Amino acid sequence: DLTATEMLDAFTRGELSPVEATEATLKRIETADNAVNAFCLVDADRAMTQARASEQRWKAGTPQGKLDGVPTSIKDIFLTRDWPTLRGSRTIDPDQEWKVDAPSVARLREHNAVFVGKTTTPELAWKGVTDNTLTGVTRNPWDTSRTAGGSSGGAGAAVALGMAPLATGTDGGGSVRIPASFCGICTIKPTYGRIPHYPASPYGTLAHAGPMTTTVTETALMLDVMSEPDSRDWSALAQPSESFLTTLDAGVRGMRIAFSPDLGFARVDDEVAA
């Protein structure tokens, strides 16, 4: 139930090890995921291998990266080395070599996040609920008769239930924002190009990668990592000159937002308007 920054602080003080954190996360997946079906792949052996390596670095006082030892899940849209990326579809052959990490996955791996598994998505991440004929229905952690949203529904449910505090998602028309709203977690759809993306999405510039976490602080921390450059995305923006963490306490005075209750034409359901 710890946030990523709480885990890292505990690792620093020697009060918790990445092995203990990963064991707790895997146990939570084992006990909680049957109710929601957030994971389409769990790799306990590989996660524990990464966690033990992280533990040794922390014991030696030489942690490497901003997320060393933090359990993390990957949406099954992102290419991930040694794991199949099926995108919730029966059209993709799992029995092939999987040698490539997508940019977000590569950056998380470089910062030594511990990968516990891959989370569910509707087929090809095309809709705002998470179900498909390959992995079934993903349910809301607060009420399993309802949806976790989509298309990053597995990621939303996983974070909400403490099945790893960090998760990757993608968003074209709400696919990190909808499940974050439905599951009660934190996310952001960054500016296009802020997080490098490869291979290019069939949804073009609509589709962005995004962090899904428990708090704004964790979202900023994960965005720092995922925003690092990758030459495979020609449209990626230059890496920010400062951490997203530096301005979290700066407030919003002087900023403006625009809001339209109906976009000038739409009839909004009364419950939604309320």
Side-chain angles (χ1 to χ4, degrees), residues 4 36 38-40 72-80 85-89 101-108 113 118-132 135 138 140-141 147-160 164-228 230 232-237 240 244 257-259 263 272:
V36 295
F39 282 86
C40 56
T72 302
S73 67
I74 307 297
K75 182 180 179 180
D76 194 32
I77 286 294
F78 294 94
L79 292 176
T80 308
T85 300
L86 303 184
R87 301 178 174 90
S89 178
D101 280 336
S104 293
V105 178
R107 301 296 84 77
L108 290 164
K118 302 201 82 172
T119 55
T120 54
T121 176
E123 187 169 17
L124 307 182
W126 74 274
K127 61 182 180 178
V129 297
T130 298
D131 57 29
N132 62 63
T135 60
T138 298
N140 191 291
T147 182
S151 64
S152 307
V159 171
L166 304 179
T168 65
T170 58
D171 191 312
S175 286
V176 297
R177 294 163 290 162
I178 295 167
S181 173
F182 286 11
C183 297
I185 66 166
C186 185
T187 193
I188 186 172
K189 180 180 182 178
T191 301
Y192 179 76
R194 170 52 52 222
I195 296 176
H197 200 50
Y198 173 87
S201 169
Y203 306 117
T205 57
L206 281 177
H208 307 195
M212 302 181 71
T213 77
T214 50
T215 72
V216 172
T217 300
E218 269 62 43
T219 300
L221 173 63
M222 199 174 180
L223 191 56
D224 276 350
V225 171
M226 295 171 70
S227 293
E228 292 182 1
D230 193 293
R232 292 173 291 177
D233 184 354
W234 65 267
S235 65
L237 301 173
F244 290 101
I257 63 169
F259 168 70
L263 299 180
V272 173

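This is a predicted model, so every value here is computed, not measured.
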Derivation and outcome, side-chain contact (heavy atoms from CB on, under 4.5 Å), residues Thr120 and Asp76: CA-CA 6 Å; Thr120 54; Asp76 194 32; over 6 Å; no

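- Residue pairs meeting the salt bridge (Lys or Arg N to Asp or Glu O under 4.0 Å) criterion with at least one member in residues 191-208: none, sequence neighbours excluded.
- Although no hydrogens or angles enter the test, the distance criterion places no donor-acceptor pair under 3.5 Å between the side chain of Ser89 and the main chain of Glu123.
- Without hydrogens or angle criteria, Asp233 side chain to Pro196 main chain gives no donor-acceptor distance under 3.5 Å.
- To the nearest 0.5 Å, the span separating CZ on Arg87 from CG on Leu124 amounts to 8.0 Å.
- Scanning both residues, Ala155 and Ala167, for their nearest heavy atoms gives CB-CB, 3.8 Å.
- Checked by atom type and distance alone, the side chain of Ser152 pairs as donor or acceptor with a backbone atom of Thr170 at under 3.5 Å.
- Residues Leu166 and Ala4 approach most closely at CD2-CB, 3.9 Å, considering heavy atoms.
- Here the side chain of Asp131 pairs no donor or acceptor atom with the backbone of Pro122 at under 3.5 angstrom.
- Annotation: salt bridge (Lys or Arg N to Asp or Glu O under 4.0 Å) contacts involving residues 167-177, sequence neighbours excluded, comprise Asp171-Arg177, Asp171-Lys189.
- For Ser151 and Ser175, the side-chain atoms include at least one donor-acceptor pair closer than 3.5 Å.
- The line from CE of Met222 to OG1 of Thr187 is 9.0 Å long, rounded to the nearest 0.5 Å.
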In residues 207-214, what donor-acceptor pairs under 3.5 Å come from side-chain atoms, sequence neighbours left out?
| unit_1 | atom_1 | unit_2 | atom_2 | d |
| --- | --- | --- | --- | --- |
| His208 | ND1 | Pro190 | O | 2.6 |
| His208 | NE2 | Thr205 | O | 3.0 |
| Thr213 | OG1 | Thr215 | N | 3.4 |
| Thr213 | OG1 | Thr215 | O | 2.8 |
| Thr213 | OG1 | Thr219 | N | 3.2 |
| Thr213 | OG1 | Thr219 | OG1 | 2.8 |

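- Rounded to the nearest 0.5 Å, atoms SG (Cys40) and CG (Asn132) are 8.5 Å apart.
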Worked check of side-chain contact (heavy atoms from CB on, under 4.5 Å) between Thr191 and Leu237: CA-CA 9 Å; Thr191 301; Leu237 301 173; 4.2 Å; yes

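- A heavy-atom distance below 4.5 Å is not found between the side chains of Pro103 and His197.
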Stepwise side-chain contact (heavy atoms from CB on, under 4.5 Å) test for Val225 and Leu108: CA-CA 7 Å; Val225 171; Leu108 290 164; 4.1 Å; yes

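- Closest heavy-atom contact between Phe39 and Ala158: CE1-CB, 3.8 Å.
- Between the Asp224 side chain and the Phe244 main chain, a donor and an acceptor come within less than 3.5 Å of each other.
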Verdict with reasoning, Arg107 to Asp230, per salt bridge (Lys or Arg N to Asp or Glu O under 4.0 Å): CA-CA 9 Å; Arg107 301 296 84 77; Asp230 193 293; 2.8 Å; yes

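- Across all non-hydrogen atoms, the minimal contact from Tyr192 to Gly204 is CE1-O, 4.3 Å.
- Here the closest non-hydrogen pair linking Ser104 and Met226 is OG-CE, 3.4 Å.
- Considering all non-hydrogen atoms of both residues, Cys183 and Ala160 come closest at O-CB, 3.6 Å.
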Worked verdict on Thr80 versus Asp101 for side-chain contact (heavy atoms from CB on, under 4.5 Å): CA-CA 4 Å; Thr80 308; Asp101 280 336; 4.2 Å; yes

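- Thr147 is listed as a side-chain neighbour of Phe182, based on a closest heavy-atom distance under 4.5 Å.
- Within the 4.5 Å cutoff, side-chain heavy atoms of Leu223 are placed close to those of Ile195.
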Step-by-step side chain to side chain donor-acceptor pair (under 3.5 Å) determination, Thr119 to Ser73: CA-CA 7 Å; Thr119 55; Ser73 67; 4.6 Å; no

